[in-house]
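A quick write-up on the structure given underneath.
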Amino acid sequence: MLVYLASGQQRLRASSLPVSARLAGWLLVALGTLGWCYDAGTGAGITAALTALMLTWVLLPYLAWWRIGTPEADAP
């Protein structure tokens with residue numbers, strides 16, 4: 001989530017987070033992937049980590065859309 005919130009394309013906050021948040025997010029992704037690999041094995045760990053990452057990145061824009069709506073809906 002930190003990687004998304006540090007992106008210039010995010011819509012959940014008024015302004016994006018600083019670059020250090022993006023780096024911290026990628027560090028957490030790498031540590032989570034290592035944790036999955038240690039617990040489930042290399043192939044299953046990488047698959048589980050990438051699946052969780054993809055689901056998060058798909059759901060966050062929809063969460064922003066649900067929370068603030070679309071710009072077209074606000075136009076007169």
Evaluation steps, side-chain contact (heavy atoms from CB on, under 4.5 Å), between Leu59 and Leu63: CA-CA 6 Å; Leu59 290 177; Leu63 178 63; over 6 Å; no
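- In this structure, CG on Leu17 lies 7.0 Å from CD on Gln10, to the nearest 0.5 angstrom.
- The structure places OG of Ser7 at 12.5 Å from CG of Leu2, a figure rounded to the nearest 0.5 Å.
- At distances below 3.5 Å, at least one donor-acceptor pair connects side-chain atoms of Arg22 with backbone N or O atoms of Ala6.
- No continuous path of ILVMFWY side-chain contacts below 4.5 Å connects Leu60 to Leu55, so the two sit in separate hydrophobic clusters.
- The hydrophobic clustering, which links ILVMFWY residues whose side-chain heavy atoms are closer than 4.5 Å, places Met1 and Leu28 together.
- For residues 25-46, the set of pairs meeting the ring-ring contact (aromatic ring centres under 6.0 Å, His included) definition, not counting sequence neighbours, comprises Trp26-Trp57.
- Between Leu5 and Ser16, every side-chain heavy-atom pair lies at or beyond the 4.5 Å cut-off.
- Under the 4.5 Å side-chain criterion, counting only non-hydrogen atoms from C-beta, Tyr4 is not in contact with Thr56.
- Atom-to-atom distance recorded for Leu34:CG and Ile46:CD1 is 9.0 Å, nearest 0.5 angstrom.
- A donor-acceptor contact shorter than 3.5 Å links the side chain of Arg67 to the backbone of Leu12.
- Residues Leu27 and Leu31 meet the side-chain proximity criterion, which asks for heavy atoms closer than 4.5 Å.
- Residues passing the side-chain contact (heavy atoms from CB on, under 4.5 Å) test with Thr47, sequence neighbours excluded: Thr51.
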